[in-house]
Number of protein chains: 2
Amino acid sequence: MGIKERKEKHKENLRQSILDAAKKLFLSEGYDATSIRKIAAEIEFSPTTIYLYYKDKAEIAHALHVEGFKLLATQFGVLQFVKDPFERLKAMGEIYLRFALENSDFYELMFVLKEPIAHLKGSCVYENWEEGEQAFQALLYNVSACQQAGYFKNLDTTAVSMIAWSTLHGLCTLKLHGHIDHMSSHEPSLQQMEDIVKQSYNTFMVMLERIK
Amino acid sequence: MGIKERKEKHKENLRQSILDAAKKLFLSEGYDATSIRKIAAEIEFSPTTIYLYYKDKAEIAHALHVEGFKLLATQFGVLQFVKDPFERLKAMGEIYLRFALENSDFYELMFVLKEPIAHLKGSCVYENWEEGEQAFQALLYNVSACQQAGYFKNLDTTAVSMIAWSTLHGLCTLKLHGHIDHMSSHEPSLQQMEDIVKQSYNTFMVMLERIK
DNA sequence: TTGCATAAGTTAACAGTGTTAACTATATTT
DNA sequence: AAATATAGTTAACACTGTTAACTTATGCAA
């Protein structure tokens with residue numbers, strides 16, 4: 001029947017369909033609600049079959065984590081058209097922010113959860129965090145370009161990059177984990193801001209621009 | 001009525017010893033490994049007894065979360081002796097950073113996990129996040145004092161405070177979740193830094209100081 | 001064709017988790 | 001003494017990740 005045919009097709013690339021099922025569940029119900037058993041039910045195989053294709057749940061998490069970085073990389077793609085270094089850095093931050101807020105589950109997997117990258121250390125040949133490094137190198141490049149254009153004088157490129165990343169990451173996670181919302185509901189100065197994240201980001205950019 | 005009072009006290013005692021047991025487990029084994037059943041075993045009561053004193057696990061998490069904020073508040077205490085506003089802001093950041101790195105489990109509970117503050121919304125009279133607010137108000141006060149001393153001119157106090165908090169929070173979480181370490185092991189520019197967090201923080205302070 | 005090894009997938013189980021309904025034993029009140 | 005309220009327990013539900021042991025199907029050499 002139709003189901004059997006579909007099953008046959010799945011068998012051809014079971015590893016991929018496990019990942020697809022995981023992704024589907026993960027995007028619709030979040031990471032915690034994505035259990036091995038639910039993935040198995042989705043592809044209509046027994047839970048133990050998953051372990052024939054992935055070492056454990058962390059390995060699936062890592063595979064999704066890689067997908068997330070691919071998605072972010074494509075969104076960073078437009079940056080090549082922004083010629084002015086500072087404008088490019090600004091745009092990079094905006095893309096990062098939007099990515100985090102619009103793909104919060106992916107963001108969690110990429111920059112919050114320990115599992116996907118802890119998995120690296122456990123397995124393989126002491127593999128490093130390739131995805132994160134690439135993104136950071138792009139940031140380093142942009143910060144460096146800004147410095148050549150006269151920004152961030154006498155400041156360490158790496159340290160400035162770390163700060164830029166940290167600020168954005170902090171803003172994203174405080175928002176995503178509900179801390180900003182919980183505070184804005186009662187703190188008057190925050191209540192007045194209509195978009196705290198966006199306004200804070202803009203202020204940060206003004207701060208960066210005004211470093212003498 | 002003496003008997004009733006003693007009973008009340010016993011009830012209070014048990015509620016407190018549940019919290020103590022939870023804290024002990026949580027500090028030695030982390031949040032995830034602190035299960036209701038383990039807490040029960042620690043105080044030598046059955047797991048269900050816990051539910052006579054706390055609504056659910058999130059309520060225990062919230063109680064510990066409050067303890068964490070008390071601890072942070074005492075560490076902030078020394079700030080009153082720092083008269084210069086900018087130096088005080090600097091010291092505040094250093095205390096925050098040290099607190100996060102030395103009490104990573106508490107930090108997770110206070111600023112990362114959703115459970116303890118999501119619990120607020122679920123129960124009570126739409127209670128707000130008192131602890132977080134108080135800490136933020138202290139930050140607002142210090143940023144405002146800096147502005148009166150000529151720093152951060154023409155910048156919104158709340159936005160600057162949000163950025164300061166975000167930057168510190170970002171730095172802390174990237175470190176605590178292993179993202180910095182995973183990157184520093186292969187990225188050359190990071191390898192050269194002996195203490196990435198500390199050096200980045202210092203750079204951030206220089207950046208703030210140099211805003212024209 | 002028979003016999004067998006390998007691969008692929010399944011069943012059943014282990015050791016946990018948070019949480020709840022229903023029960024018991026004890027102490028207090030009527 | 002009987003009724004009631006309190007405190008705590010047992011047993012269960014519905015989950016979780018993960019593993020050992022089993023079955024079934026396939027391809028290949030004798």
Side-chain angles (χ1 to χ4, degrees), chain A residues 3-19 21-22 25-26 28-65 108-109 113-116 118-119 122-123, chain B residues 1-19 21-22 25-26 28-65 108-109 113-116 118-119 122-123:
Chain A
I3 294 166
K4 209 151 200 185
E5 278 169 29
R6 205 165 55 236
K7 253 191 151 179
E8 281 301 313
K9 225 174 185 180
H10 276 176
K11 270 181 203 164
E12 287 169 27
N13 230 330
L14 201 40
R15 197 181 148 91
Q16 187 55 48
S17 41
I18 288 169
L19 198 61
L25 279 166
F26 155 75
S28 62
E29 311 196 39
Y31 180 73
D32 281 341
T34 304
S35 70
I36 297 278
R37 282 170 158 90
K38 280 186 192 167
I39 297 169
E42 185 72 31
I43 58 167
E44 297 182 284
F45 278 84
S46 89
T48 49
T49 301
I50 310 261
Y51 289 91
L52 299 173
Y53 297 86
Y54 291 93
K55 187 181 151 280
D56 53 21
K57 204 192 172 183
E59 197 165 289
I60 300 174
H62 180 256
L64 288 173
H65 155 114
E108 202 85 5
L109 220 48
L113 296 180
K114 288 173 161 178
E115 264 189 311
H119 157 262
S123 71
Chain B
M1 299 292 179
I3 300 147
K4 212 165 192 178
E5 279 170 29
R6 203 174 62 234
K7 261 201 139 179
E8 281 299 314
K9 209 174 179 189
H10 169 259
K11 207 173 170 180
E12 235 2 86
N13 280 346
L14 198 42
R15 197 181 147 90
Q16 186 56 50
S17 46
I18 288 168
L19 198 61
L25 279 165
F26 156 74
S28 63
E29 311 196 40
Y31 179 73
D32 281 340
T34 303
S35 70
I36 298 277
R37 282 170 159 90
K38 280 186 193 167
I39 297 168
E42 186 72 31
I43 57 168
E44 295 182 290
F45 277 85
S46 89
T48 50
T49 301
I50 310 261
Y51 289 91
L52 300 174
Y53 298 88
Y54 291 93
K55 187 182 151 281
D56 54 20
K57 206 192 171 186
E59 197 165 288
I60 300 176
H62 180 255
L64 288 173
H65 156 112
E108 202 84 6
L109 221 46
L113 295 180
K114 289 173 161 179
E115 264 189 312
H119 156 261
S123 72

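In what follows, every chain begins at residue 1, and chains take the letters A, B, ... in the order their sequences are listed.
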To the nearest Å, give me how far apart CD1 (B/Ile36) and P (C/dT20) are. 10 Å
So which one's nearest nucleotide on DNA chain C is more toward 5', B/Ala33 or A/Leu52? A/Leu52
Please state how far atom CD in A/Glu44 lies from atom C1' in C/dT10, giving the value in whole angstrom units. 15 Å
With rounding to the nearest 0.5 angstrom, report the CD1 to CD1 distance, B/Ile43 to B/Ile18. 4.5 Å
Within this structure, what is the CG-CG distance for the pair A/Leu14 and A/Leu52, rounded to the nearest 0.5 Å? 8.5 Å
A/Glu59 CD to D/dG17 P, straight-line distance once rounded to whole Å: 15 Å
Can you check the B/Asn13 CG to D/dG8 P distance for me, whole Å? 11 Å
Between P of D/dT19 and CZ of A/Arg37, the distance in whole Å: 13 Å
Whole Å only: how far is the CG atom of A/Asp32 from the C1' atom of D/dT16? 11 Å
A/Ile39 atom CD1 is separated from D/dG17 atom P, nearest whole Å, by 8 Å
Looking only at side-chain atoms of B/Lys38, point me to the closest of C/dT17, D/dG8, D/dG17. C/dT17
Indicate whether OP1 or OP2 belonging to C/dG9 is found under 4.0 Å from a side-chain N or O atom of A/Tyr53. yes
From the set C/dG9, C/dG18, D/dG17, return the single nucleotide nearest to any side-chain atom of A/Leu14. C/dG9
Donor-acceptor pair, distance only, cut-off 3.5 Å: does the side chain of A/Arg15 make one with the backbone of A/Tyr53? yes
Taking CD1 from B/Ile50 and P from C/dT20, how many angstroms apart are they, rounded to a whole number? 14 Å
Considering only heavy atoms and no angle criterion, is a donor-acceptor pair shorter than 3.5 Å present between the side chain of B/Thr48 and the base of D/dT10? yes
It should be established whether B/Ser46 places a side-chain nitrogen or oxygen under 4.0 Å from OP1 or OP2 of nucleotide D/dT9. yes
Student check: side-chain heavy atoms of A/Tyr54 and A/Ile36 closer than 4.5 Å: no
To the side chain of B/Phe45, which of D/dG8, C/dA13, C/dT19 is closest? D/dG8
Using a cut-off of less than 4.0 Å, is there contact between a side-chain N or O of B/Ser35 and OP1 or OP2 of C/dG16? no
In Å, rounded to the nearest 0.5 Å, how long is the span from CD1 of A/Ile50 to NZ of A/Lys57? 11.0 Å
